[in-house]
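Structure first, then comments.
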Amino acid sequence: KAPDDENLIIARGKLYTYDKNYDKTLQIYLKLGKGDVFGLINQHNLFDCIGDKVLELMTFDRHKATQLLINNITKVPVSRVFQQLYSAPQLQLFYLHHLFYHSKKDINQEGKDYHDDQVRLYATYNREFLYDFLEKSQYWNLEKALEECKSRQLYKEMVFINIRRGDPDEVLRLMIEKVGDVKQAIEFLQKQNEDHLWDTLISKSIKSPVFVSGLLENVGTHINPLKLIEQIPKGMEIIGLCYRLVKIINDYLLQTSLSQGCKEVLKADVITLSQRLHKGNKKAIRVEQDARCALSNVPILSNTQKKKSVVVFFCNHVYLEEELLKLTSKSEGEDAPPVASNTFDKSLLCPICKQNSSEKAEKKRSGR
């Protein structure tokens, strides 16, 4: 029989196995496209032999080959796999795709140096995964990715890249002129907090009945409905205009009702909290028997002295009212006003605490 007869080749492969020449057995299996290639590699640790056979393995069975290569990434590094698959870009993408979406984070980061290539390969061969990849990866170049998407008119991806680039005007232009997604444009502008972009949205979309219809349907607090309606060209036919105008009016009435309800709730809360504060302020403050005036050091509750008016602050500093009167009369021009015994000024601050606060503020200003 001919020396290239398949049965003879298989028999030769088995003989090589018995002779422990596993690398030659592997070569025969790959040539025939048959045999337990991956079992042979794992069983006999033939990773040194497959370094130059990556393309053959991927052609044999790309699923099993990819799993084998990723699980043994330290033995067959990504750089070697990527280089060997240079002539088969779709297999490159298949390998990089499964590497990136691997469940182990330390493994899926191994291919980060090839994420620019992965963007190009997705844009060329499998655009379905490109947007998700752009969202999840942080290692691709903005300008290179933008050029790839521009050359293939991938507008949805261009919108995302320009958001990353921080170019809201270009994002808005693409959304209006290319993507045509009114709701997405409004959601994007709500996050930007830039008023001029709303004017741009109206001015650029006012010529399109479809876009105007979408704006009327999704108009909210950020766009004045009257401003939009006044700019609609006369004679423009807008599908569902009556329904959208009714919706705007109903939304306005609902907004007004909610605002009034919130106002009433706030008013009730203010009253409740004011009453609670007043009740708390009316509570007595304990003064110890041996308490002394913080200014004159005179005992407050002395039995030998005539009873005098006492002022107690919430900071627990206690003063004789006459001492406070003397202090405020000397401090002419300062914030603390005079104190009358029958109409005590509630705006008066504790002199000690006030002085401490002033000193702290002065230290902060001087940088000490």
Side-chain angles (χ1 to χ4, degrees), residues 166 168 186-198 219-224 250-368:
I186 292 174
E187 288 175 354
F188 170 71
L189 293 187
Q190 286 174 345
K191 297 175 183 177
Q192 298 304 305
N193 196 26
E194 295 185 29
D195 293 337
H196 77 277
L197 291 176
W198 292 103
V219 71
T221 56
H222 296 277
I223 302 178
N224 185 346
N250 287 337
D251 288 347
Y252 175 76
L253 292 174
L254 176 61
Q255 202 173 56
T256 304
S257 175
L258 287 172
S259 178
Q260 186 62 33
C262 291
K263 186 178 178 181
E264 293 298 324
V265 171
L266 183 62
K267 183 179 177 181
D269 286 346
V270 168
I271 293 172
T272 302
L273 292 173
S274 296
Q275 290 174 344
R276 187 185 300 173
L277 178 63
H278 180 66
K279 185 178 179 181
N281 289 344
K282 286 172 64 179
K283 288 183 178 180
I285 299 177
R286 180 183 177 86
V287 177
E288 299 295 337
Q289 182 68 32
D290 56 351
R292 292 176 175 271
C293 173
L295 290 174
S296 63
N297 203 32
V298 174
I300 296 294
L301 303 177
S302 175
N303 295 326
T304 59
Q305 295 182 0
K306 182 181 177 182
K307 290 185 178 180
K308 298 179 181 180
S309 297
V310 177
V311 178
V312 185
F313 289 92
F314 285 109
C315 59
N316 289 328
H317 285 130
V318 187
Y319 300 89
L320 291 172
E321 187 177 27
E322 60 183 22
E323 296 296 333
L324 281 177
L325 287 169
K326 290 177 185 178
L327 179 65
T328 52
S329 63
K330 291 178 183 178
S331 306
E332 187 176 359
E334 293 187 4
D335 294 336
V339 181
S341 58
N342 56 345
T343 56
F344 184 72
D345 193 334
K346 295 179 182 178
S347 66
L348 182 65
L349 299 175
C350 169
I352 294 177
C353 293
K354 181 180 177 182
Q355 184 179 355
N356 291 339
S357 298
S358 300
E359 289 175 355
K360 287 180 181 178
E362 183 62 32
K363 287 181 180 179
K364 191 174 182 180
R365 282 195 295 270
S366 62
R368 286 184 290 174

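Keep in mind that what you see is a predicted model, and the values were worked out from it rather than measured.
- Judged as a side-chain hydrogen bond (donor to acceptor under 3.5 Å, both in side chains), and not counting sequence neighbours, E323 has no contacts.
- Screening residues 252-267 for salt bridge (Lys or Arg N to Asp or Glu O under 4.0 Å), with sequence neighbours left out, gives no hits.
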Between V310 and V318, is the side chain to side chain contact (heavy atoms under 4.5 Å, CB included) condition met? List the steps.
CA-CA 7 Å; V310 177; V318 187; 3.5 Å; yes

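- Put simply, the side chain of Q190 reaches to within 4.5 Å of the side chain of W198, judged on heavy atoms.
- For the pair L254/N250, no side-chain contact is recorded, criterion being any heavy-atom separation below 4.5 Å from C-beta on.
- By the side-chain contact (heavy atoms from CB on, under 4.5 Å) test, C315 pairs with F313, H317, C350, C353, sequence neighbours left out.
- Within the structure, every pair that satisfies the salt bridge (Lys or Arg N to Asp or Glu O under 4.0 Å) test and touches residues 281-301, not counting sequence neighbours, is listed here: R286-E288.
- For the atom pair CG of L320 and OG of S309, the computed distance is 9.0 Å after rounding to the nearest 0.5 Å.
- Taking the side-chain contact (heavy atoms from CB on, under 4.5 Å) definition, one finds that N356 meets it with I352, E359, sequence neighbours left out.
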Determine whether I285 and F314 satisfy the following criterion, side chain to side chain contact (heavy atoms under 4.5 Å, CB included), listing intermediate values before the conclusion.
CA-CA 8 Å; I285 299 177; F314 285 109; 3.9 Å; yes

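- Using a 4.5 Å cut-off on side-chain heavy atoms (C-beta onward), P168 and L189 make no contact.
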Taking distance alone, no hydrogens or angles, what donor-acceptor pairs closer than 3.5 Å link side-chain atoms of residues 270-277 to residues at least two apart or in another chain?
unit_1	atom_1	unit_2	atom_2	d
T272	OG1	A268	O	2.9
S274	OG	V270	O	2.7

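- Among residues two or more places apart in sequence or in another chain, the side-chain hydrogen bond (donor to acceptor under 3.5 Å, both in side chains) test is passed with N316 by none.
- No side-chain donor-acceptor contact under 3.5 Å links S257 to the backbone of L253.
- When side chains are defined from C-beta on, L327 counts as touching L295, because their heavy atoms get closer than 4.5 Å.
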